[in-house]
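Letters A, B, ... mirror the listed sequences (proteins, then strands); counts begin at 1. Fair warning: this is a prediction, and the values are worked out from it, not measured in the lab.
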Amino acid sequence: MILVSALTIAVLFGVGSYLLLQRDLIRVVVGIILVSNAANLFLISAGLSRGQAPIYPLEEGVEVSDPLVQAMTLTAIVIAFGISALLMSLVYRVYTSHLSLNLEDISEAEVREEESIESREVAED
Amino acid sequence: MKTSVMTRVVARVLLVPALVVALAILIKGYADTGDGFNAGVIAALGMLLQYVAFGYEEAERMMPVRLVAVIAFGGLLLSLAVALLPLFWGLAIFTHVPGPGEEVIHLGTVELITPVVFDIGVFMLVFGFAVGAIDLLARAIHRRET
Amino acid sequence: MIVFTLGLTWTLAVLLSLLDGRKHPVGGIALGGLAAGFAGLLVLGWEVFTNGPVTMVAGGWPPGVGITLRADALGVTFAVLSVGVILIALAYEAVSGIESRTFPALAMFMAAGLTGLFLTGDAFNFYVFFEIAMIAAYALTGYGERARQLRAAFIFAVVNLLGSVLFLIGVGALYHLTGTLDMRMIAERVAAAQPNAALLTAVAIFVAFSLKLGLFPFHYWLPAVYTGVRPSVAAMLSGALANIGSYGLLRFGGELLPQELEMGATALFVLGTTSIIYGALQAVSRRTMTEVLAYSAIGQVGYILIALGIGGPVGFAAAVVYAIINSLNKLLLFLAAGLRGWMVGAAFAVGAFSVAGVPPAAGFLGKLVLFQASLAVESVALVALIFIGGALSFVYSFQIYQRVFWKPQARAYKISPSTARLLVAGVAGLLLFAGAWPEPLLALGQRAAAAVLLGGAP
């Protein structure tokens, strides 16, 4: 079980990191979501123990799995949920202002903008 | 984009069960698996299905989307109130009433304790937020297509 | 008292989200509320400094079961500092006219997140508040909603999310190692944990906070963001939000993982030194004011890292004092960068001198405590580094001052509202005052450092 979750985390993290390095903004967002889910899984694995669900009434003498990591992971999932919505809307805003989701186009726009600022300042000097 | 009749029928039929399941998860949360967040997500999924099947105009007609922000922030306020009100009785924040081990008022099998109110707030927040976000993105897609 | 500011800012943030922040009264409510919250923190600070740490366990659970809120000298100092910075930046924005619906609410959420973060005694709770503050910051970075701000917001969000993920992994690992989330219990139990695992955890947490601070190898996001955003938002990010990094390093490094911090001292020196030199050289070579300030921010956090590497009561006290002064410097400089008119030049000069470490501005004090700390460890190299760094920061501070405020104005600038200028002058006055009467600040630093070393005792 520990090996399985370690492998899953590794695969999720790897795929997420790979996507993060892509030029498409949507892929970057998906990469972030995958990486944060890898972290959630890691959090679950931090208290990996076999046992009954920790809900009353409990049977006598039976081991109970750790509820705290699950509560933490639930909180982390909620946060990741909010963040992915925020990132999506940011990507949409970037798209409407640049009409592109390709990082190269966007950084080109940035370079153009910076050059215009600098030339204005040189003209002022 | 037009969806097939099948999709639309299924979407419409699934809305009420989604809301009922959400409600069940919400109020059973303290005696069984579930809580406000899960309930909110399930209810929002029901709404998402409507957006996918009918497009945002029809979906907005079914639900007062303008109120979504009020629902979300109202829920947040409700939760905050439950968290902070015990202070006025000199108790720590987030104190349960009735406390652990004390006698609980039952309504059927539902236990009436203040955390349930807190979770209703969470439910409203999550549902409102999710539907608001879905609506925002759906409008964006609609605007791009036209 | 401990929940007063937290509850107030939270409730107000929620209420303000429903209102239109562009209207004048809304800005007024936000300012008044935040000022009340700030006053509450001051009262709490007084309590902590006279009677020792204040603790409260949520839900009335026994300690170790419920989530603990704990205010000690270190936390209260940073909370007062950060909320004060946000208050001034919000006042600045309110005076010059808020342009977005959500600005007051977001500033309030950030204040709530930061207050909670500095006053919590629970590692996971720290993460939650940290995310609240960060999410507000992501949204604030997009304030202005022009292409430039949006790009800045995207970069900022993606890079810092990676930092948050690393921190979350660090918290998970700490829980796995010690079986508790209460910071004090972690500090007690971590010594018994497996050393390699603890070191790995410490590295993850260090990288996460370095990303927030913008230290040298993790700085790449910072210039793009700080130059892209509005002056008031830049002031909030570098004056309030970056405090998370210094506080986190002090709390998690100094208090929770002291052995690992000691082990990594050499790495801290190396990173701090490269940060200082790199930031200063880049700042000297830049032309636009915000770019110079952004690179200067990278250099300045290097000093905090060095102080942390020195460690012990002297080093931690130096780190606290330097962090306080640095955040006030950045607040002043970024705000003054957005203004034109009488008094602004003078205020900017005070800020620039302060960054350079010239008396009587408070920055001199920051350099002085660092100097003393490096004398305490008898390191010639550190003394020389502080001198070189100071000289370089003098060069770039003077360069931008000359370029912006001395050259004959080619274009007619709109003179900024006098209240905004007064605000900036007030911050400059505070820096001069702190420089002229340094005893309270030094005492504060010592108390905070003692809190780190004794694991939360006063």
Side-chain angles (χ1 to χ4, degrees), chain A residues 9 13 16-17 20 25 28-29 31-48 66 68-69 71-73 75-76 78-80 82-87 89-99 103 106-107 109-110 112-114 117-118 120-125, chain C residues 65 67 122-125 127-128 130-132 134-136 138-139 141-142 145-162 164-181 204 224 227-228 287-291 403-404 407-411:
Chain A
I9 293 166
F13 213 101
S17 322
L20 261 178
L25 287 189
V28 173
V29 173
I32 280 278
I33 294 172
L34 281 183
V35 166
S36 59
N37 275 305
N40 292 343
L41 211 54
F42 180 86
L43 210 54
I44 283 263
S45 335
L48 209 56
D66 188 349
L68 191 58
V69 282
M72 287 200 286
T73 312
T75 316
V78 176
I79 290 171
I83 281 172
S84 38
L86 183 83
L87 273 179
S89 59
L90 256 179
V91 167
Y92 170 65
R93 283 287 168 71
V94 171
Y95 177 76
T96 48
S97 69
H98 291 82
L99 293 178
L103 268 178
I106 291 166
S107 56
E110 185 158 6
R112 269 203 305 280
E113 211 171 282
E114 246 156 46
I117 290 175
E118 283 203 356
R120 207 190 313 146
E121 269 173 15
V122 171
E124 273 172 27
D125 285 342
Chain C
V65 176
I67 295 168
D122 183 279
F124 190 75
N125 201 225
Y127 168 74
V128 173
F130 167 89
E131 283 294 336
I132 291 167
M134 289 315 289
I135 291 172
Y138 303 146
T141 322
E145 302 206 343
R146 258 172 270 126
R148 207 175 151 80
Q149 277 93 355
L150 289 172
R151 279 198 307 263
F154 191 78
I155 298 171
F156 183 54
V158 168
V159 173
N160 278 287
L161 278 175
L162 278 182
S164 306
V165 165
L166 268 179
F167 181 66
L168 184 61
I169 289 177
V171 170
L174 274 183
Y175 176 70
H176 185 69
L177 288 177
T178 59
T180 177
L181 286 170
T227 51
R287 297 179 59 85
T288 46
M289 177 143 68
T290 41
E291 247 181 322
R403 193 168 296 141
V404 178
K407 72 167 187 201
Q409 305 288 351
R411 259 186 304 169

Between Y95(A) and Y92(A), ring centroids under 6.0 Å: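 Ring-ring flag for Y95(A)/Y92(A): false, centres at least 6.0 Å apart.
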Student check: side-chain heavy atoms of [X] and [Y] closer than 4.5 Å:
X	Y	value
N40(A)	N37(A)	yes
I9(A)	S45(A)	yes
Y138(C)	N160(C)	yes

Spatial distance of atom OH (Y127(C)) from atom OG1 (T75(A)) [nearest 0.5 Å]: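 Reported value, rounded in 0.5 Å steps: 9.5 Å.
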Euclidean distance, L90(A) CG relative to F156(C) CZ, rounded to 0.5 Å: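 Those atoms lie 11.5 Å apart.
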Using non-hydrogen atoms and a 4.5 Å limit, figure out which bit of [X] sits close to chain C: side chain, backbone, both or neither.
X	value
F13(A)	side chain
I44(A)	neither
V78(A)	neither
V35(A)	both

Part of F154(C) lying under 4.5 Å from any heavy atom of chain A: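 Contact with chain A involves both backbone and side-chain atoms of F154(C).
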L174(C) portion near chain A, given a 4.5 angstrom heavy-atom threshold: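 Interface part for L174(C): neither.
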Candidate pair E131(C) and I83(A), rule side-chain contact (heavy atoms from CB on, under 4.5 Å), full reasoning: CA-CA 9 Å; E131(C) 283 294 336; I83(A) 281 172; 3.2 Å; yes
Leading residue by heavy atom contact count with chain C [cutoff under 4.5 Å; candidates I32(A), V28(A), L20(A)]: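 Ranked by heavy-atom pairs under 4.5 Å with chain C, first place is I32(A).
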Greatest number of heavy atom pairs closer than 4.5 Å to chain C - which of T73(A), V29(A), T96(A), L25(A):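 Counting heavy-atom pairs under 4.5 Å, the top option is L25(A).
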For chain A, the option from L161(C), T227(C), V171(C), L162(C) that forms the most heavy-atom pairs under 4.5 Å: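 Option with the top pair count is L161(C).
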